[in-house]
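Below is one structure, written out as structure tokens; comments come after it.
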4 protein chains.
Amino acid sequence: MSPRRRDAEGTTSARAVRRAELLAAAAEVFAGRGYAATTVREVADAAGILGGSLYYHFDSKESMVEEILSTFLDDMWAGFDRVLDAGLGARHTLEALIAESFRCMDAHRHAVVIYQKESPYLVATWERFGYLADSRQRHEEMWLALLERGVADGEFRSDLDRPLVYRFIRDAVWVAASWYQPGARMSAEEVAKQYLAMVLEGIQASPED
Amino acid sequence: MSPRRRDAEGTTSARAVRRAELLAAAAEVFAGRGYAATTVREVADAAGILGGSLYYHFDSKESMVEEILSTFLDDMWAGFDRVLDAGLGARHTLEALIAESFRCMDAHRHAVVIYQKESPYLVATWERFGYLADSRQRHEEMWLALLERGVADGEFRSDLDRPLVYRFIRDAVWVAASWYQPGARMSAEEVAKQYLAMVLEGIQASPED
Amino acid sequence: MSPRRRDAEGTTSARAVRRAELLAAAAEVFAGRGYAATTVREVADAAGILGGSLYYHFDSKESMVEEILSTFLDDMWAGFDRVLDAGLGARHTLEALIAESFRCMDAHRHAVVIYQKESPYLVATWERFGYLADSRQRHEEMWLALLERGVADGEFRSDLDRPLVYRFIRDAVWVAASWYQPGARMSAEEVAKQYLAMVLEGIQASPED
Amino acid sequence: MSPRRRDAEGTTSARAVRRAELLAAAAEVFAGRGYAATTVREVADAAGILGGSLYYHFDSKESMVEEILSTFLDDMWAGFDRVLDAGLGARHTLEALIAESFRCMDAHRHAVVIYQKESPYLVATWERFGYLADSRQRHEEMWLALLERGVADGEFRSDLDRPLVYRFIRDAVWVAASWYQPGARMSAEEVAKQYLAMVLEGIQASPED
DNA sequence: TATGAATGAGTTTTCATTCAT
DNA sequence: TATGAATGAAAACTCATTCAT
């Protein structure tokens, strides 16, 4: 009620809320047209303000993607770490990781698309985006270790090239963000289930069917 | 499907050779940085000439991608048509399409990457790129028909959502162009074989193994 | 010579005090970075308030310099007029003017720096700053008359170009505001004395002349 | 005559000539209005081209001042080093330094004005201008050493504060660039002579000391 | 064919200023 | 009085494109 209290909480969170709104608008436009092809004015239009006004909230166009991507990656790794810490077997870990990936895609759909399409450009152009390359590397290591373990445990086929399997899954799963529409025919969870089935068992009819 | 540009004489003139060289350089840079983020000067640098000189050969930056993409799509559809015309069963058609996709990726690696990343932007921005959307649609129809036929013939599982299967395969296969390096550890053919195995049978160890 | 802005009541109201505080902050920043290179936000930061709040007190950034400069010039000319009205001989008038100049520099250090550096720009850009050019002209006339009188009276060397002598003194004396720090090794008064010694024994007719 | 030779020499020097022309225009405008208050368009107007065209020759507005100032400082220090290496006595060294200063001012009038007015701002704002502070420091050390030597040799008065004398001379001399017009009533050489007379007969030890 | 200087429209960014609270 | 979000005009800078040589 006191002005003091409003300053300490109310104002801060109002600002954070506004930032989040603006970033959501930016993410949608960046994902749709590509970061480089999107003008700051288009972002501002989408947010319902004028171009210059964005600079009250953000340093630069660059900072906007930065915040969009780091927010997504932080959430993604928190989820992955939860899965890895659960101490499941290889197959169940794989299932959980794919489920987690789709959950994350659902929550950060546009950020995921941006991450897919713009990472190479951003990493090549600005040092500050080096963490994108780090994340990609850690992601690969995590999956290769998992596949290794699954093969050792007899849960996964041993006749496949592990790096290839990793890329196969990664591409199939994450590119889904490009076409997935929340509230469409299938929920993210259902898509995850079907993808899991395909990854694990393939699309061929079983002999016994 | 795509506009044709042929020398009036029909011969592979020195001019056509130079165009091809320049387009190869352009494709590599566009694929690496993204079309919008690439400047004409960067293309020229990669080709070893100055920016203005490109305009002796091409109308515009736009025309360059246009030619890169249409060349690729023409080749891809020629290949697909050969496969479809062979009158194979569903499973063998699927095998042949995936093999053909990888062959095409091998031949037009950069064009494929550009096609993946830039299609939405190009289609949304210039009418002349409408044929990209047409191609995508025809591709989807071809695959859905194939999957339908395979399920009807008892070759493919019937419990999977067909559009989802299509996207799964499409994404896994074509995104490979983003990381595939000609002359790397595995040939395109080997990658195709392994991908086919995964798509058909999954990565899970079979019970009898 | 310069516009006046006085409280209607003629009292030193709280409002006037606040204005003076803000102008002091503004003067320091303008002097340090230059008027054009200083943003209103920087002024506000220096004053401990937010940018928009300055506009409760002042019409514009322009009005701030205006008030800073006119306050300084009013004081300077009041001092000079006192000296000129005292009816001293040329040499003593020169001594008193230089002493007065240093006193003024001490009292309006930042304003003096701004006046030095920004006058040409302000005069060229806004009509309202025309009085700066007037002041400069009157200053020159005052000094040339003084030098003339001193030469006529046999107090100053006659072999020097008078306009040049004027500039020499003006530049040496007033640019001191750029480096003079109140409370530093030497007081303004001491600096004035030394400067006077240097100036005088240069332009003063030698005993043997 | 051969195209090769024209490339090796002609083109390179043509480019350098153009740069110099553009920098001359820029220096005049920067000196007149102040660096921060000058727009790139104003520089371009003065050069007779469009704003964007400047960027074919220079990276940024910043780079333009950088080149203007470093060219001036290089020339100035080359001149000062010649004087210092001549091994003259203190008084003759002082004479030569002042003459050299005026020569330099004549050759780089606008650069000198920019150096005077913009150094603090440039140094405070961009690291790359740190060399301006270095130059200023070296200048001060050179003069203090000279004054010290002159006092020790009995050529200069010992009752004056050396740092103050340095500043007095520096300000009087260099600020002259602000009003000196080449081809005006007096040549730079004549101004130098008169300034020297004023300075010298002030700080010179009197015969009766 | 290629060069390189220039164009000019458009982009990102800045910033004095306004205004509802 | 002060805040802080926004405005909008102008600034710095970019870059596809042109064109005389």
Side-chain angles (χ1 to χ4, degrees), chain A residues 3 6-7 10-12 14-15 18-19 21-22 36-44 47-64, chain B residues 14-15 18 22 36-44 47-64, chain C residues 14-15 18-19 22 36-44 47-64, chain D residues 3 6-7 10-12 14-15 18-19 22 36-44 47-64:
Chain A
R6 237 199 51 227
D7 273 345
T11 302
T12 302
R15 182 162 228 161
R18 191 69 180 113
R19 280 177 83 86
E21 282 171 13
L22 297 174
T38 300
T39 70
V40 168
R41 236 206 90 180
E42 285 166 337
V43 172
I49 59 178
L50 291 182
S53 306
L54 280 175
Y55 289 83
Y56 178 76
H57 300 276
F58 304 98
D59 277 354
S60 61
K61 187 183 166 188
E62 206 183 315
S63 297
M64 292 182 223
Chain B
R15 177 164 211 161
R18 190 74 180 109
L22 297 174
T38 299
T39 69
V40 168
R41 237 205 89 180
E42 283 166 337
V43 172
I49 58 177
L50 290 183
S53 307
L54 280 175
Y55 288 82
Y56 179 79
H57 301 276
F58 303 97
D59 278 354
S60 62
K61 187 184 168 189
E62 211 182 310
S63 299
M64 293 182 223
Chain C
R15 175 164 210 160
R18 189 73 180 112
R19 282 177 80 86
L22 297 174
T38 300
T39 69
V40 167
R41 237 206 90 178
E42 285 166 336
V43 172
I49 59 177
L50 289 183
S53 306
L54 280 174
Y55 288 82
Y56 178 79
H57 300 277
F58 304 97
D59 279 355
S60 63
K61 187 185 167 188
E62 212 181 309
S63 298
M64 292 182 225
Chain D
R6 234 198 52 229
D7 273 344
T11 302
T12 301
R15 183 162 227 161
R18 190 70 179 113
R19 281 178 82 85
L22 297 174
T38 300
T39 70
V40 168
R41 237 205 89 179
E42 285 166 337
V43 172
I49 58 178
L50 292 182
S53 305
L54 280 175
Y55 289 83
Y56 178 77
H57 300 276
F58 303 98
D59 277 354
S60 62
K61 187 182 164 190
E62 207 183 313
S63 298
M64 291 183 224

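Just so it is clear: chains get the letters A, B, ... in the order the sequence lines come, proteins before strands, and each one is counted from 1. All values below come from the heavy atoms of this structure, side chains included, with hydrogens, waters and symmetry mates left out.
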Under 4.0 Å, heavy atoms only, any strand: does [X] hit a base, just the sugar-phosphate, or nothing?
X        : value
Thr39(D) : sugar-phosphate
Thr38(C) : sugar-phosphate
Ile49(A) : sugar-phosphate

Please tell me if [X] has a side-chain N or O lying less than 4.0 Å from either OP1 or OP2 of [N].
X        : N       : value
Tyr55(B) : dT18(F) : no
Arg15(A) : dA5(F)  : yes
Arg18(D) : dA6(E)  : yes
Ser53(C) : dT3(F)  : yes

(message) Take a 6.0 Å sphere around CZ of Arg18(C) and say whether it holds more than 12 heavy atoms from other residues, nucleotides or ligands.
(response) yes
(message) Around atom CZ of Arg41(C), are there more than 12 heavy atoms from other residues, nucleotides or ligands closer than 6.0 Å?
(response) no
(request) Select one nucleotide: of dA2(F), dG4(F), dT7(F), the one nearest the side-chain heavy atoms of His57(C). (result) dA2(F)
(request) List the atom of Ala47(B), the atom of Leu22(B), and the distance in Å for their closest heavy-atom pair. (result) CB-CD2, 3.6 Å
(request) Return the minimal non-hydrogen interatomic distance between Ala36(A) and Ala37(B), and the atom names on each side. (result) CB-CB, 3.6 Å
(message) For dT21(E), give the paired nucleotide (Watson-Crick: N1-N3 plus N6-O4 or O6-N4; G-U: N1-O2 and O6-N3; both under 3.5 Å), or none.
(response) dA2(F)
Rounded to whole angstroms, how far apart are [atom1] on [X] and [atom2] on [N]?
X        : N       : atom1 : atom2 : value
Tyr56(C) : dG4(F)  : OH    : C1'   : 18 Å
Met64(A) : dT12(E) : CE    : C1'   : 10 Å
Arg41(D) : dA9(E)  : CZ    : C1'   : 14 Å
Lys61(A) : dG10(E) : NZ    : C1'   : 12 Å
Phe58(C) : dA2(F)  : CZ    : P     : 11 Å
Leu50(A) : dT18(E) : CG    : P     : 16 Å

(request) By nearest nucleotide on DNA chain F, pick out whichever of Glu62(B) and Ser60(D) is the more 5' one. (result) Ser60(D)
(request) By nearest nucleotide on DNA chain F, pick out whichever of Leu54(C) and Asp59(B) is the more 5' one. (result) Leu54(C)
(message) Quick check: on DNA chain E, is the nucleotide nearest Gly51(B) upstream (toward 5') of the one nearest Gly52(C), or the reverse? Name the residue that is more 5'.
(response) Gly51(B)
(message) Let's go through Lys61(D) and Val43(D) carefully: what are the C-alpha distance in whole Å and the side-chain angles of both, what is the deciding distance for side chain to side chain contact (heavy atoms under 4.5 Å, CB included) to 0.1 Å, and is it a yes or a no?
(response) CA-CA 9 Å; Lys61(D) 187 182 164 190; Val43(D) 172; over 6 Å; no
